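Taking it in order: structure first as structure tokens, then the write-up.
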Amino acid sequence: MKKLIFIIILFSINYCFSAHTFEYRVIKDNVGYSKNERELKIQKGEIISSNHSVIYGNIVDDNYFMCMQDANTGNFISLAYLELMQCNTKLPEKIITYTEKGFEKKAIPAYFLDILYSKNRDTLEEYEVIDNLYRIQAVASYLNNDIPFYAIVTNIGIELHNSDEIDFTNIEKKSDEIYECDGIAFGLSDNPLSSYETFQWYSVIIDSKRQIEKFTIKIDGDYLSIDNKTTGKHIITLAYVDDTVINELCNLFENNQCNLSKVKFPKHRDGSCDYSENGKRITNTNVAQHKRMTVKENLKLRTGENTSTPVLTVMSAGTHLRILELGKAEKIDGINSNWVKVEVQFDATDCDGNPIKPGTVGWCYGGYLK
């Protein structure tokens with residue numbers, strides 16, 4: 001009998017139940033496992049269903065077995081052999097991280113690249129809840145062991161490192177780079193801080209409704225941007241990386257040093273690289289998705305990424321923000337940075353001392369943030 005171990009820390013079972021029943025079709029004969037850990041033959045054409053978030057993680061003979069559990073039988077079936085019912089569209093193979101061969105691609109939050117480029121592991125605290133050095137080093141221990149720790153992208157759904165999950169009900173191709181997916185997001189909206197032993201993460205699934213919403217997946221070279229089209233909010237940007245990135249991230253988190261000359265940074269569709277001195281883009285790596293920053297001086301919050309757009313309010317110095325999305329790069333007052341879409345945090349006030357409602361979203365210039 002093969003060794004079957006359930007992963008509880010990294011790919012936790014999410015008991016956030018939904019009124020919707022997810023149905024999938026098995027596309028190829030394969031091997032699955034019963035709830036009693038007995039090996040089973042799964043037949044092509046079988047219909048599998050689930051009434052809650054679907055992605056599970058197991059270890060079989062030291063290999064990672066990503067699967068879902070059939071609500072009718074309790075059996076575990078590999079994600080690589082499932083497709084949506086009533087949907088013939090699939091995501092492109094180049095962004096699928098888990099196949100019948102296992103994890104063939106590694107996708108990490110794009111902000112990890114900013115941390116690596118800074119050569120300072122302490123900057124992880126700007127993106128994740130890290131209260132001591134041990135937690136930073138623990139990230140390296142998982143990366144070192146090739147655990148698919150950050151993102152699982154499949155044709156039935158996506159799960160992120162913090163157990164946030166989007167389960168698809170339909171996929172529609174808009175172009176070679178843009179796909180719209182109907183699905184249900186299982187985030188931690190009731191308790192925004194998720195804690196798994198050594199790690200603590202904030203949910204990036206904002207205002208999860210536990211009902212079908214529309215999500216946009218945009219492919220930009222080695223980057224994958226995921227947005228909630230229903231709410232108009234950005235969820236996360238992932239970067240597909242090779243072992244040169246993983247190896248130096250491990251060195252950075254373990255020893256607080258790295259050699260960027262060994263790193264092959266991902267590129268955008270136009271061939272530009274945000275981390276190259278000769279890149280086409282003007283960027284300031286002090287701004288990045290999900291980073292929490294502070295307003296340096298009174299700053300206008302606008303409806304768009306341009307000084308000609310209407311002003312929503314003027315934020316006072318010290319206002320805390322969370323960056324939702326990077327906009328266009330621009331040079332203002334001699335500063336090279338990006339416009340950023342931000343969400344105002346608690347205890348914010350305008351320049352007259354009046355409170356600004358937490359969760360207010362708008363655009364400002366990143367060069368005036370710290």
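Here, residue 1 is the first one in the sequence, and each next residue gets the next number. On a predicted model such as this, the values are computed, not experimentally measured, just so you know.
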Does a donor on one side chain and an acceptor on the other come within less than 3.5 Å for Arg322 and His290?
yes

State, yes or no, whether a side-chain contact exists between Leu224 and Ile217 at a heavy-atom distance under 4.5 Å.
yes

Working to the nearest 0.5 angstrom, can you tell me the gap between Ile108 CD1 and Leu116 CG?
8.0 Å

Neighbour count >12 (heavy atoms, 6.0 Å) for atom CG, Asn120:
yes

Go through Lys328 and Glu305 one step at a time and tell me if the salt bridge (Lys or Arg N to Asp or Glu O under 4.0 Å) criterion holds.
CA-CA 7 Å; Lys328 65 179 181 180; Glu305 49 185 323; 6.0 Å; no

Mark yes or no for whether Thr169, through its side chain, and Asp182, through its backbone, hold a donor-acceptor pair below 3.5 Å.
yes

If only side-chain N and O atoms count, and only distance matters, is there a donor-acceptor pair under 3.5 Å linking Ser308 with Asn306?
yes

Could you check whether any side-chain N or O of Thr244 sits under 3.5 Å from a backbone N or O of Val263, counting only pairs where one atom can act as donor and the other as acceptor?
no

Would Arg269 and Asp222 count as a salt bridge (Lys or Arg N to Asp or Glu O under 4.0 Å) if you check the C-alpha gap in whole Å, the side-chain angles of each, and the deciding distance to 0.1 Å?
CA-CA 7 Å; Arg269 184 189 178 197; Asp222 298 323; over 6 Å; no

State plainly whether the residues Glu180 and Lys173 are in salt-bridge range, i.e. N to O under 4.0 Å.
no

Report yes if the distance between the aromatic ring centroids of Phe112 and Phe253 is under 6.0 Å, otherwise no.
yes

Is the closest basic N to carboxylate O distance between Lys218 and Glu177 below 4.0 Å?
no

Are the ring centres of Tyr33 and Phe76 closer than 6.0 Å?
no

Measuring from Trp339:CH2 to Leu326:CG, what's the distance to the nearest 0.5 Å?
13.5 Å

Side chains of Leu301 and Trp363: closer than 4.5 Å at any heavy-atom pair?
no

Is it the case that the side chain of Gln69 and the backbone of Gly74 share a donor-acceptor pair, with hydrogens and angles ignored and the cut-off at 3.5 Å?
yes

Starting at CG of Asn75, measure out to CG of Leu40 and round the result to the nearest 0.5 Å.
5.0 Å

Backbone N or O of Asp243 within a donor-acceptor pair of the Asn247 side chain at under 3.5 Å?
yes

For the pair Asp114 and Lys291, find out whether any cationic side-chain nitrogen is under 4.0 Å from an anionic carboxylate oxygen.
no

Return yes if some donor-acceptor pair links the side-chain N/O of Asn228 with the main-chain N/O of Gly232 below 3.5 Å, else return no.
no

For the residue pair Ile356 and Thr349, establish whether any side-chain heavy-atom pair is separated by less than 4.5 Å.
no

Between Tyr98 and Met66 (side chain of the first, backbone of the second, donor and acceptor by atom type, cut-off under 3.5 Å), is there such a pair?
yes

Determine whether the side chains of Glu23 and Ser49 contain a donor N or O and an acceptor N or O closer than 3.5 Å.
no

Examine the side chains of Ser225 and Asp227 and answer whether a donor and an acceptor come within less than 3.5 Å of each other.
yes

Donor-acceptor pair, distance only, cut-off 3.5 Å: does the side chain of Asp29 make one with the backbone of Lys44?
yes

Within the 4.5 Å heavy-atom criterion, are Val344 and Pro358 side-chain neighbours or not?
no

Could you check whether any side-chain N or O of Asn155 sits under 3.5 Å from a backbone N or O of Leu91, counting only pairs where one atom can act as donor and the other as acceptor?
yes

Between Tyr240 (side chain only) and Ile95 (backbone N and O only), is there a donor and an acceptor less than 3.5 Å apart?
yes

Expected output: side-chain Glu46 to main-chain Gln43 donor-acceptor under 3.5 Å:
yes

Less than 4.5 Å apart, any side-chain heavy atom of Leu79 and any of Met68?
yes

Does Glu254 form a salt bridge (Lys or Arg N to Asp or Glu O under 4.0 Å) with Arg121? I'd like the steps, not just the answer.
CA-CA 9 Å; Glu254 287 178 341; Arg121 65 186 176 191; over 6 Å; no

